[in-house]
Amino acid sequence: MMEELLKKASVLVEALPYIQRFNRKIIVVKYGGSAMLDEDLKRSVIEDVTLLKLVGFKPIIVHGGGKEISEWVAKSGMEPKFVNGLRVTDEPTMEIAEMVLNRVNKSLVQLVERLGVLAVGISGKDGNLLIAEKKYADGEDIGFVGDVKQVHPKILYDLLEKDFLPIVAPIGMDQDYHTYNINADDAACAIAKAVSAEKLAFLTDIEGVYKDPEDKATLISELTVSEAKELIAGGMIGGGMLPKLGNCIEAIEKGVSRVHILDGRILHCLLLEIFTNKGIGTAILGDQEAKFYHE
């Protein structure tokens with residue numbers, strides 16, 4: 001019994017310097033993938049974010065919902081269509097996407113508030129948060145799919161100041177007030193840059209960045225922006241990791257201190273990465289940043 005208690009105490013002591021360093025700092029968590037579909041993983045993520053809030057962080061959740069949207073599109077008798085990985089979003093599909101994302105948004109609010117933290121669910125429409133412009137796929141019109149053109153973060157600062165946890169659905173409007181579906185990774189990156197977040201964490205379905213994707217032993221614990229660019233230039237990064245790593249690099253270059261790519265399929269992955277010396281995913285940092293983790 002005493003040994004177990006000492007282990008718990010050592011975990012808390014190990015977390016102390018990280019709590020001190022990031023107290024009152026903003027962390028943006030992009031929540032998606034399998035962690036949104038499995039109930040145990042979903043509860044784990046929400047517990048992690050809630051704990052971050054309670055120990056002094058200022059978390060903002062930006063969530064996706066692509067798989068749920070595809071399910072509801074199919075239920076409506078339509079066939080989901082993609083061009084270069086981007087969902088073709090006509091007007092009926094946009095209506096379904098907004099409905100589903102708002103439903104997901106409020107379910108996350110409910111989970112957070114069940115743990116005793118007040119949350120507010122919004123979309124990029126609220127407070128003019130996300131201004132979008134039409135996105136094309138290699139010149140092809142794919143409907144109401146948007147890129148983030150501008151972020152107005154006042155609503156987020158107001159909510160954080162009043163001690164609420166903001167949960168954001170990636171829907172925006174253009175200057176003519178048309179509604180657009182925005183990739184959640186892009187929305188999280190844009191928001192993190194706009195609020196100069198200390199951290200941006202992507203919850204994914206992979207363990208992190210590998211030097212050799214075929215060799216699990218080559219997981220990179222910490223990666224500078226220059227090293228990340230070298231991996232991309234060398235053709236070592238492909239698939240869905242390529243745009244994600246591009247977002248990470250852009251976020252660092254626009255003022256975000258650190259970006260984390262984590263396996264959301266691991267219970268309590270956020271706590272393991274942020275509050276332990278070794279961590280579990282890949283942390284990306286600026287070239288001038290001193291290494292803080294995984295030493």
Side-chain angles (χ1 to χ4, degrees), residues 26-33 35 60-64 66 82-87 89 124 130-140 142 145-151 153 168 170 172 180-214 218-264 269 273 279 281-289:
I26 297 175
I27 175 172
V28 176
V29 178
K30 186 273 172 174
Y31 178 38
I60 298 169
I61 296 175
V62 181
H63 66 84
F82 294 86
V83 176
N84 294 333
L86 298 170
R87 184 188 304 277
T89 307
L130 298 176
I131 304 300
E133 59 183 2
K134 192 175 185 65
K135 185 184 186 78
Y136 293 87
D138 292 335
E140 183 175 343
I142 52 175
V145 178
D147 275 325
V148 179
K149 182 180 180 182
Q150 195 173 4
V151 180
V168 183
Y180 285 86
N181 190 19
I182 298 168
N183 177 274
D185 282 2
D186 295 343
C189 185
I191 287 171
K193 290 185 291 184
V195 299
S196 297
E198 187 71 20
K199 290 178 177 293
L200 167 60
F202 289 102
L203 301 189
T204 69
D205 285 347
I206 59 173
E207 293 85 351
V209 179
Y210 293 97
K211 287 182 180 179
D212 178 2
E214 301 300 320
T218 64
L219 178 68
I220 304 170
S221 291
E222 283 193 324
L223 190 63
T224 66
V225 166
S226 292
E227 290 167 342
K229 288 180 177 178
E230 287 174 9
L231 288 175
I232 293 172
M236 301 179 74
I237 305 296
M241 181 54 71
L242 189 58
K244 196 177 298 292
L245 197 53
N247 271 333
C248 294
I249 292 169
E250 184 180 355
I252 293 290
E253 292 180 337
K254 293 294 179 64
V256 177
S257 293
R258 286 176 186 263
V259 182
H260 301 261
I261 297 175
L262 306 175
D263 188 348
C269 61
E273 173 66 8
T282 299
I284 299 157
L285 56 150
D287 293 339
Q288 307 305 317
E289 284 279 329

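- Across Val168 and Gly124, no two heavy atoms sit closer than the pair CG1-N, 4.4 Å.
- To the nearest 0.5 Å, the span separating OG on Ser257 from CG on Leu200 amounts to 11.0 Å.
- In terms of heavy-atom proximity, Gly172 sits nearest to Ile182 at N-CD1, 3.7 Å.
- Of the inter-residue distances, the one linking Asp205 atom CG with Leu262 atom CG reads 12.0 Å to the nearest 0.5 angstrom.
- Distance check: Ile220 CD1 to Leu231 CG gives 5.0 Å after rounding to the nearest 0.5 Å.
- At a threshold of 4.5 Å between non-hydrogen side-chain atoms, the residues Cys248 and Ile261 count as touching.
- Applying the 6.0 Å contact sphere to NZ of Lys211 captures no more than 12 heavy atoms from other residues, nucleotides or ligands.
- A search for side-chain hydrogen bond (donor to acceptor under 3.5 Å, both in side chains) contacts involving Thr218 returns nothing, not counting sequence neighbours.
- Atoms CZ and OG1, from Phe82 and Thr89 in turn, are 8.5 Å apart once rounded to the nearest 0.5 Å.
- Formation of a donor-acceptor pair under 3.5 Å by the Thr224 side chain with backbone atoms of Gly286 is not found in this model.
- For Val145 against Arg87, the heavy-atom pair with the smallest separation is CG2-O, 3.1 Å.
- Shown here for Lys135 and Ile142, the closest heavy-atom pair between the two residues is O-CG1, 3.6 Å.
- For the salt bridge (Lys or Arg N to Asp or Glu O under 4.0 Å) test, no residue two or more places apart in sequence or in another chain qualifies with Glu230.
- Rounding to the nearest 0.5 angstrom, the gap separating the CD1 atom in Ile60 from the CD1 atom in Ile191 is 7.0 Å.
- Inter-residue side-chain proximity for Asn183 and Leu86 is flagged as unmet; no heavy-atom pair is nearer than 4.5 Å.
- At a threshold of 4.5 Å between non-hydrogen side-chain atoms, the residues Glu222 and Leu285 count as touching.
- The pair Arg258-Glu273 does not count as a salt bridge, with every side-chain nitrogen at least 4.0 angstrom from each carboxylate oxygen.
- Applying the side-chain hydrogen bond (donor to acceptor under 3.5 Å, both in side chains) criterion to Asp186, with sequence neighbours excluded, gives Asn247.
- Residues Ala197 and Val28 share a closest heavy-atom pair of CB-CG2, 4.0 Å.
- Shortest non-hydrogen contact noted between Lys30 and Ala184 is CE-CB, 3.6 Å.
- No donor-acceptor distance shorter than 3.5 angstrom exists from the side chain of Gln150 to the backbone of Ile131, with no hydrogens or angles considered.
- Taking CD1 from Ile284 and CD1 from Ile249, the interatomic distance works out to 7.0 Å, rounded to the nearest 0.5 Å.
- No side-chain heavy atom of Val83 sits less than 4.5 Å from a side-chain heavy atom of Asp138.
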* To do: Give the C-alpha distance, both sets of side-chain angles, the deciding distance and a yes or no for side-chain contact (heavy atoms from CB on, under 4.5 Å) between Lys193 and Val151.
  => CA-CA 9 Å; Lys193 290 185 291 184; Val151 180; over 6 Å; no
